[in-house]
Protein chains: 2
Amino acid sequence: MKRRMTIQKTIILNSLKELHHPSAEELFEVIHQEYPLISKATVYRNLNLLVEEGIIDKLEVTDGPARFDLPMKKHYHLRCDNCGKLMDIEMDYLDDLDSMVKNNEGFQIKSHTLTFHGLCPECNNKKENGGF
Amino acid sequence: MKRRMTIQKTIILNSLKELHHPSAEELFEVIHQEYPLISKATVYRNLNLLVEEGIIDKLEVTDGPARFDLPMKKHYHLRCDNCGKLMDIEMDYLDDLDSMVKNNEGFQIKSHTLTFHGLCPECNNKKENGGF
DNA sequence: ATTTATGCAAATCATTTGCACATAG
DNA sequence: CTATGTGCAAATGATTTGCATAAAT
């Protein structure tokens, strides 16, 4: 199954370069501005294809839509428990973690994801002012 | 808003003791056997209430339904990339990780989740036999 | 007697899929 | 040409919600 280059795929890749790990929906909104004919299904389909081809990364987030991005150095995330905002973190990647697992019962470990949880500055303020 | 104890809530809690981090759907299926009148909405509602009250834990898994469990010692998970099977891992909890984050831009870090990814023995076999 | 909880069906959100038509190679 | 991609709408899966009724306090 040989892939073709289409206008849609080009636009999706370009938009991906301009946005910070957007969700498929966010990407669609932006692209829809300059290219109103595009279908949401096309955005989803191309994102999945690009992930399969290893051209982009899919960040699966608990509780919320998946986010996509151009591949970058392995890193971890910080996610706000309240508003769901996701940010990248400055921390050395723990390469040796995968080999620290005992009793893995034949499971082949290939990678890991580490996400920190808490409150972003904005939500932390809201909370202190009785916001929730 | 004071909570009431209902038959449904009792059954949900009991079933939770018997199952290994089931999804809401799985829990519903099991409960539905012995208590066919229960509604799926009731299962979801009670699970959410129990999580809010801190009585049970919600394990949010990327790409798949959330799973629920009685609170246990902090631990990490192993998830099969192919079939989605989730298992608990034997590994010391990294208490000092939360303080290793630099440049958190005012973010209050409270916890972290660490999940290992790879292939479970079954899927690994399938793969070697050309399954996918 | 209140007020919270339940059951049902409809609604919502993220994502996928079937199908006829368009288009890249 | 012909297989791959597109747009649309309908389908799916997980979860939530509105509303009238039932049950707990």
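Per chain, numbering begins at 1; letters A, B, ... match sequence-line order.
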Undergrad: So which one's nearest nucleotide on DNA chain D is more toward 5', B:K58 or A:T6?
TA: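 Going by which nucleotide is closer to the 5' end, it is A:T6.
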
Undergrad: Starting at CG of B:L47 and ending at C1' of C:dT6, how long is that distance when rounded to a whole Å?
TA: 15 Å

Undergrad: Can you tell me how far C1' of C:dA5 sits from CG of B:L37, to the nearest Å?
TA: 15 Å

Undergrad: Could you state the atom-to-atom distance from CG of B:L50 to P of C:dA5 in whole Å?
TA: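 In whole Å, C:dA5 P lies 11 Å from B:L50 CG.
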
Undergrad: Calculate, to the nearest 0.5 Å, the distance between atoms NE2 and CD1 belonging to A:H32 and A:I11 respectively.
TA: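 With rounding to 0.5 Å, NE2 (A:H32) is 11.5 Å from CD1 (A:I11).
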
Undergrad: Using OP1 and OP2 only, check whether a side-chain N or O of A:N48 sits under 4.0 Å from C:dT16.
TA: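 The answer is yes; a side-chain N or O of A:N48 sits under 4.0 Å from OP1 or OP2.
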
Undergrad: In whole angstroms, how far is the P atom of C:dT15 from the NZ atom of A:K40?
TA: 10 Å

Undergrad: Answer with yes or no whether the side chains of B:D57 and B:H21 bring together a donor and an acceptor at under 3.5 Å.
TA: no

Undergrad: Check the phosphate of C:dT23 against A:Q8, side-chain N and O only, distance under 4.0 Å to OP1 or OP2. Yes or no?
TA: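 Answer no for this pair, as no side-chain N or O of A:Q8 is under 4.0 Å from OP1 or OP2.
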
Undergrad: How about A:I12 and A:K9: do any of their side-chain heavy atoms sit closer than 4.5 Å?
TA: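 A:I12 vs A:K9: side chains apart.
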
Undergrad: Could you list where the contact with chain B starts and ends along DNA chain D, reading 5' to 3', using a 4.0 Å heavy-atom cut-off?
TA: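 It runs D:dA14 to D:dT25.
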
Undergrad: Please determine, for the side chain of A:M5, which listed nucleotide (C:dG25, C:dT16, C:dG7) has the closest atom?
TA: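 That would be C:dG25.
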
Undergrad: I'd like to check B:L47 versus B:K58 (side-chain heavy atoms, cut-off strictly below 4.5 Å). Are they in contact?
TA: no

Undergrad: Rounding to an integer number of Å, can you tell me how far A:Y44 OH sits from C:dG18 C1'?
TA: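 Rounding to the nearest Å, OH of A:Y44 and C1' of C:dG18 are 18 Å apart.
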
Undergrad: Are any of B:S39's side-chain N or O atoms less than 4.0 Å away from OP1 or OP2 of C:dC8?
TA: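 For B:S39, the contact criterion (side-chain N or O under 4.0 Å from OP1 or OP2 of C:dC8) is not met.
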
Undergrad: Relative to the 5' end of DNA chain C, which residue comes earlier, B:R4 or B:P36, by the nucleotide with the nearest heavy atom?
TA: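 Result: B:R4.
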
Undergrad: Can you figure out which of C:dG25, C:dG7, C:dA14 approaches the side chain of B:R45 most closely?
TA: C:dG7

Undergrad: Distance check, rounded to the nearest 0.5 Å: B:H117 atom NE2 versus A:K110 atom NZ?
TA: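 Rounded to the nearest 0.5 Å, the NE2-NZ separation comes to 11.5 Å.
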
Undergrad: More 5' along DNA chain D: B:K2 or B:S23, using each one's nearest nucleotide?
TA: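 With B:K2 and B:S23 compared, the 5'-side residue is B:S23.
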
Undergrad: Counting neighbours of CG on B:D92 that are heavy atoms of other residues, nucleotides or ligands and sit closer than 6.0 Å, is the number greater than 12?
TA: no

Undergrad: Between B:Y76 (side chain only) and B:L94 (backbone N and O only), is there a donor and an acceptor less than 3.5 Å apart?
TA: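 Checking the backbone N and O of B:L94 against the side chain of B:Y76, a donor-acceptor pair under 3.5 Å is found.
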
Undergrad: Rounded to whole angstrom units, what separation is found between the CD atom of A:E29 and the P atom of C:dC13?
TA: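 So the two atoms are 13 Å apart, to the nearest Å.
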
Undergrad: Tell me: CG of A:L49 to P of C:dT16, nearest whole Å?
TA: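 Atom CG in A:L49 sits about 11 Å away from atom P in C:dT16.
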
